[in-house]
Amino acid sequence: MNLDLLPLLAGIAALQILLGAPAALATPNIERNVPYRQVAGIRLTLDAYLPSTLGSRRPAIIFVHGGGWRAGDKSTFAPGEPAFAPTGLRFAHLGFAVFAINYRLAPADRFPAAASDVTNAVRWVRTRARHFHIDPRRLALFGVSAGGNIAALVATQGRGPLDRGARVRAAISWSGPMDLSRFDAQLGGPTHHPYVESYLGCPPTHCPARYASASPVNQIDPSDPPVLIANSNHEIVPLAQATEMSKALANAGVAQQLLVVPGSRHAANYEAIAWGPTIRFLSRYLR
């Protein structure tokens, strides 16, 4: 056995005890393409990865895929990145129920459509807690890349219009843009990023209020849940996006953790490094 893995394996064993999960779980149950919302003629679905043993009520994670707000699917982290299914099964083996969702994509459906869908997914999961044998008080949002932006935005809505019934206990963002107003400047380019402009429908100089509303860093208040932010130090999302968000959360007195990954890997591509801190974060705040 690789001795470097012993601390992680010990942590996983402790987490299983904490969650009431047996040391060896049977194959998790998967429910695919479950409808959770009908909006504007679009039928939105999710995939549920469920622990096979019941025991006590489980904590739940709502997973928000990446794809630049205009691509991607619940079955993947992001286009061109690894499939999500193995990770969903790993979470379920540890005793978490996971709901990987689809949401509306730009440019056909621009901001705030995706955030509205994620908010409704949280409400949908909460109202079906008995059916899925989960604890509605222990819900977390986990998003990667553009999904990290949306997950952090919904988690920090405070008393805003998207908040009703959608508060979560914790949020995780891997490589999520946090301040769309400053994204271009931090990239060092003179042009507007096409993904951001497609998502918001205008350049930042034409609709600054829209950029501010779509940026989690502007939504923070002391009532927000703990947030884990992961980002590589030389990737396609500038590290300044993560450090700015981390500082704003700390200044508001919100529990937060910043994980800086060496190199240029993006989102799911640093899963091997971010997995351990993510599990420890969830075990701390969903216990």
Side-chain angles (χ1 to χ4, degrees), residues 5 7-37 44-65 73-77 82-102 118 120-144 147 151 154-155 165-174 225-226 228 268 271-272 274-287:
L5 294 178
L8 177 58
L9 294 175
I12 290 174
L15 176 64
Q16 290 174 327
I17 294 170
L18 178 68
L19 297 176
L25 293 174
T27 302
N29 300 316
I30 305 177
E31 297 184 18
R32 299 195 185 278
N33 300 316
V34 180
Y36 78 88
R37 191 182 194 197
L44 296 170
T45 62
L46 57 79
D47 294 339
Y49 300 84
L50 306 169
S52 56
T53 56
L54 293 179
S56 59
R57 292 257 183 135
R58 307 297 189 186
I61 302 165
I62 294 92
F63 175 75
V64 190
H65 68 78
D73 180 82
K74 56 186 168 57
S75 64
T76 61
F77 277 94
F84 177 71
T87 300
L89 291 171
R90 290 169 73 192
F91 274 123
H93 273 299
L94 290 175
F96 295 96
V98 183
F99 301 87
I101 69 170
N102 277 344
V118 173
N120 275 271
V122 175
R123 293 177 184 142
W124 187 92
V125 169
R126 176 170 280 118
T127 59
R128 285 155 181 81
R130 184 180 296 274
H131 172 78
F132 291 110
H133 205 75
I134 62 173
D135 185 346
R137 301 165 299 175
R138 294 192 290 163
L139 303 183
L141 278 164
F142 172 27
V144 298
V154 173
R167 294 295 275 174
V168 294
R169 190 77 164 268
I172 297 161
S173 169
W174 291 2
L228 169 66
E271 181 182 13
W275 176 255
T278 296
I279 292 298
R280 289 190 290 272
F281 181 86
L282 288 169
S283 72
R284 178 177 183 182
Y285 292 108
L286 294 188
R287 61 190 177 190

* To do: Quick one: do L286 and D135 satisfy side-chain contact (heavy atoms from CB on, under 4.5 Å)? Show the steps, please.
  => CA-CA 10 Å; L286 294 188; D135 185 346; over 6 Å; no
* Audit row: L46, E31, side-chain contact (heavy atoms from CB on, under 4.5 Å) steps and yes/no -> CA-CA 8 Å; L46 57 79; E31 297 184 18; over 6 Å; no
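- Scanning all heavy atoms of the two residues, the minimum distance from P59 to G95 falls at CD-O, 3.9 Å.
- When all heavy atoms are compared, the tightest approach of R138 to R57 is NH2-O, 2.7 Å.
- Under the rule for a ring-ring contact (aromatic ring centres under 6.0 Å, His included), the partners of F142 that lie at least two apart in sequence or sit in another chain are F63, W174.
- Note: T76 OG1 to F84 CZ = 10.0 Å, rounded to the nearest 0.5 Å.
- Every residue two or more places apart in sequence or in another chain was checked for a side chain to side chain donor-acceptor pair (under 3.5 Å) with R32, and none qualifies.
- A search for ring-ring contact (aromatic ring centres under 6.0 Å, His included) contacts involving F91 returns F96, W275, not counting sequence neighbours.
- Remark: D73 engages no residue in a salt bridge (charged side-chain N to carboxylate O under 4.0 Å, His left out) (not counting sequence neighbours).
- Legend: residues meeting salt bridge (charged side-chain N to carboxylate O under 4.0 Å, His left out) with R169, ordered by chain and number and at least two apart, are absent.
- With sequence neighbours excluded, the residues forming a ring-ring contact (aromatic ring centres under 6.0 Å, His included) with Y285 are F281, listed by chain and number.
- The shortest distance between side-chain heavy atoms of L50 and F132 falls below 4.5 Å.
- The shortest side-chain heavy-atom distance between L44 and W124 does not fall under the 4.5 Å cut-off.
- Considering all non-hydrogen atoms of both residues, K74 and D47 come closest at NZ-OD1, 2.9 Å.
- Between R58 and T53 there is a side-chain heavy-atom pair separated by less than 4.5 Å.
- The salt bridge (charged side-chain N to carboxylate O under 4.0 Å, His left out) search around R128 returns none, not counting sequence neighbours.
- Within the 3.5 Å criterion, the main-chain N or O of R167 finds a donor-acceptor partner in the side chain of R126.
- Residues passing the side chain to side chain contact (heavy atoms under 4.5 Å, CB included) test with A268, sequence neighbours excluded: F77, E81, P82.
- Looking at heavy atoms from C-beta onward, L282 lies out of side-chain contact with L228 at the 4.5 angstrom threshold.
- The minimum heavy-atom distance between P86 and A83, with the atom names listed, is CD-O, 3.5 Å.
- Judged as a side chain to side chain donor-acceptor pair (under 3.5 Å), and not counting sequence neighbours, the contacts of T87 are E271.
- Note that CD1 of I134 and CG of L139 are 5.5 Å apart. Values are rounded to the nearest 0.5 Å.
- Of all the heavy atoms in S283 and R280, the pair that sits closest is OG-O, 2.8 Å.
- Closest of all the heavy-atom pairs between P225 and V168 is CB-O, 3.4 Å.
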